[in-house]
Amino acid sequence: MINGHGDDLYNYSNIKINFSSNVYSHVDHSELYAHLSGVMQNIMTYPEPQPYSLEKAIAETHGIDKEMVCATNGATEAIYLLAQAYRDSSSAILVPTFSEYADACILNSHRLLKFYTLGTMPDEASIIWICNPNNPTGEAYDKERITILADRYPGKLFIIDQSYEAFTPKRLFNPNDSLEHHNIVLLHSLTKQFAVPGLRIGYITAHPTIISRIRSFVKPWSVNSLAISAGIYLLKHKPEYELNLNALLEERERVASELEKLGVLEPWTSDTHYMLIRLRFGNARALKEYLACNHGILIRDASNFDGLDNSYFRIAIQTPDENNKLINAIKEWIYNF
């Protein structure tokens, strides 16, 4: 799946508007750039072998012990670490969802099971993988629904990927919940929250016994110096990066309504700023190439998500003006089909 993700901007030379990544692109990073310029000399020496200072900053932000935190090279490294730490397990994945859960499990000899609703979770699985809010659908479960399952099955490990937790009003888990529910592991992403996907900054929060197990598989220097410094800076300046979530969600509703009016698109209900859309005719790859080549607009072809076909694509809401350009470009594609 290494070449199958969204945000494949590197494949194009003329993209002006990027809807393909679940990141809101319009974040002012000028102060972060200045900060990183001031610590650029750090690239001349090795980073901390374990990102102690970043983990300390994360722990202080959440009001938890640093032994409950493991900082990683993006949330994706966290996924692979967990699959490795629990190698040869039986894993059930709520689909359709991010492909790296299955890839990591296969790489580490897990018996792989799939389920489509919380009510059909396989009894034989020892590990349950849930992306919440989910990628690519945008659906989010209130933490109470998952808590009921975690309490009912204390012998199962629930790995909850909350990478998009900053983009939903739903009540989700916080790291302190892992002290009460020892079988809940949370994945987090500073990459998504602060729109810095190129820096790769993620972390795991869980009960100290689980974190200790995971640490034995962490490679030294997995988080680089600039990422450590940026992570600490962003957490310190978190209030300055607060998004107007209500405005984003209202804009998503507007865009979904406008797309639905075209008659050939079916937007899925979403609890976040991004949404999955099904074409009633044509295929997502053709639409993606048309938009990229003719309008400099990039969307996410979602056909390679397990359980979806070539009629699905995903977009993340940007500014109203950019969203209107997308709507008009899709209208043009439909007219020329």
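Along the sequence shown, residues are numbered consecutively beginning with 1.
Tracing side-chain contacts under 4.5 Å through hydrophobic residues (I, L, V, M, F, W, Y), one reaches Leu262 starting from Ile317; they form part of the same cluster. Residues Leu190 and Leu172 do not share a hydrophobic cluster, defined by chaining ILVMFWY side chains whose heavy atoms lie under 4.5 Å apart. No continuous path of hydrophobic side-chain contacts links Trp221 to Val39 [ILVMFWY only; heavy atoms under 4.5 Å]. Leu234 and Val23 are not part of a single hydrophobic cluster, where members link through side-chain heavy atoms under 4.5 Å apart. Both Leu226 and Leu235 sit in one connected hydrophobic cluster of ILVMFWY residues. Membership requires side-chain heavy atoms under 4.5 Å apart, directly or through other members.
Proximity of a side-chain donor or acceptor of Glu266 to a complementary backbone N or O of Glu260 within less than 3.5 Å is not detected. Judged by distance alone, the side chain of Thr168 and the main-chain N or O of Asp271 form a donor-acceptor pair under 3.5 Å.
Every side chain to side chain contact (heavy atoms under 4.5 Å, CB included) that Glu124 has, sequence neighbours left out, goes to Arg111, Leu113, Pro122. Partners of Asp142 under the side chain to side chain contact (heavy atoms under 4.5 Å, CB included) rule, at least two apart in sequence or in another chain, are Glu144, Lys170, Arg171. Under the rule for a ring-ring contact (aromatic ring centres under 6.0 Å, His included), the partners of His188 that lie at least two apart in sequence or sit in another chain are His62, Tyr203. Listed by chain and number, the residues in a side chain to side chain contact (heavy atoms under 4.5 Å, CB included) with Tyr33 are His29 (sequence neighbours excluded). The side chain to side chain contact (heavy atoms under 4.5 Å, CB included) search around Ser270 returns Arg252, Thr272, Met275, not counting sequence neighbours.
With rounding to the nearest 0.5 Å, the separation of OG1 in Thr137 from OH in Tyr312 is 11.0 Å. Here the CG-CG distance, from Asn336 to Asn294, works out to 8.5 Å after rounding to the nearest 0.5 Å. Residue Arg87 holds its CZ atom at 4.0 Å from OG of Ser109, rounded to the nearest 0.5 Å. Rounding to the nearest 0.5 Å gives a distance of 12.0 Å between CG of Asn132 and NZ of Lys143.
Classified by interplanar angle (parallel below 30°, tilted 30° to 60°, perpendicular above 60°), the ring pair Tyr233/His35 is parallel. Relative orientation of the Tyr164 and Phe167 rings is tilted, given thresholds of 30° and 60° on the angle between their planes.
At most 12 heavy atoms of other shown residues, nucleotides or ligands fall within 6.0 angstrom of atom OH in Tyr46. Sparse packing is recorded around CD of Glu180, with 12 or fewer heavy atoms of other residues, nucleotides or ligands lying under 6.0 Å away. Within a 6.0 Å radius of NZ in Lys156, more than 12 heavy atoms belonging to other residues, nucleotides or ligands are found. Counting heavy-atom neighbours within 6.0 Å of Phe281 CZ, excluding the residue itself, gives a total above 12. Other residues, nucleotides and ligands place no more than 12 heavy atoms under 6.0 Å from the CD atom of Glu31.
Here Ile128 sits in one hydrophobic cluster together with Leu94, Phe115, Leu118, Met121, Ile130, Tyr141, Ile146, Leu149, Tyr153, Phe158, Ile160, Phe173, Ile184, Leu186; the rule is ILVMFWY side chains under 4.5 Å apart, joined directly or through other members.
With respect to Lys56 and Glu60, a salt bridge is recorded, a charged nitrogen being found less than 4.0 Å from a carboxylate O. Salt-bridge check for Asp301 with Arg285: passed, with a basic side-chain N closer than 4.0 Å to an acidic carboxylate O. Remark: Glu322 does not engage Lys325 in a salt bridge, criterion side-chain N to carboxylate O under 4.0 Å.
Contact check for Arg145 versus Ile148: no side-chain heavy atoms found under the 4.5 Å cut-off. Here the side chains of His207 and Asn183 are not in contact, with every heavy-atom distance at 4.5 Å or above. Ser178 places a side-chain heavy atom less than 4.5 Å from the side chain of Met68.
Among the candidates Ile93, Leu187, Thr97, the single residue satisfying the side chain to side chain contact (heavy atoms under 4.5 Å, CB included) test with Cys131 is Thr97.
Between Tyr241 and His237, a ring centre-to-centre spacing not shorter than 6.0 Å is recorded.
In this structure, Arg300 forms no cation-pi arrangement with Tyr274, as its terminal cationic atom is not both closer than 6.0 Å to the ring centre and no more than 45° off the ring axis.
With no hydrogens or angles considered, a side-chain donor-acceptor pair links Tyr12 and Glu289 at under 3.5 Å. Of the N and O atoms on the side chains of Arg254 and Asn323, not one donor lies less than 3.5 Å from an acceptor on the other residue.
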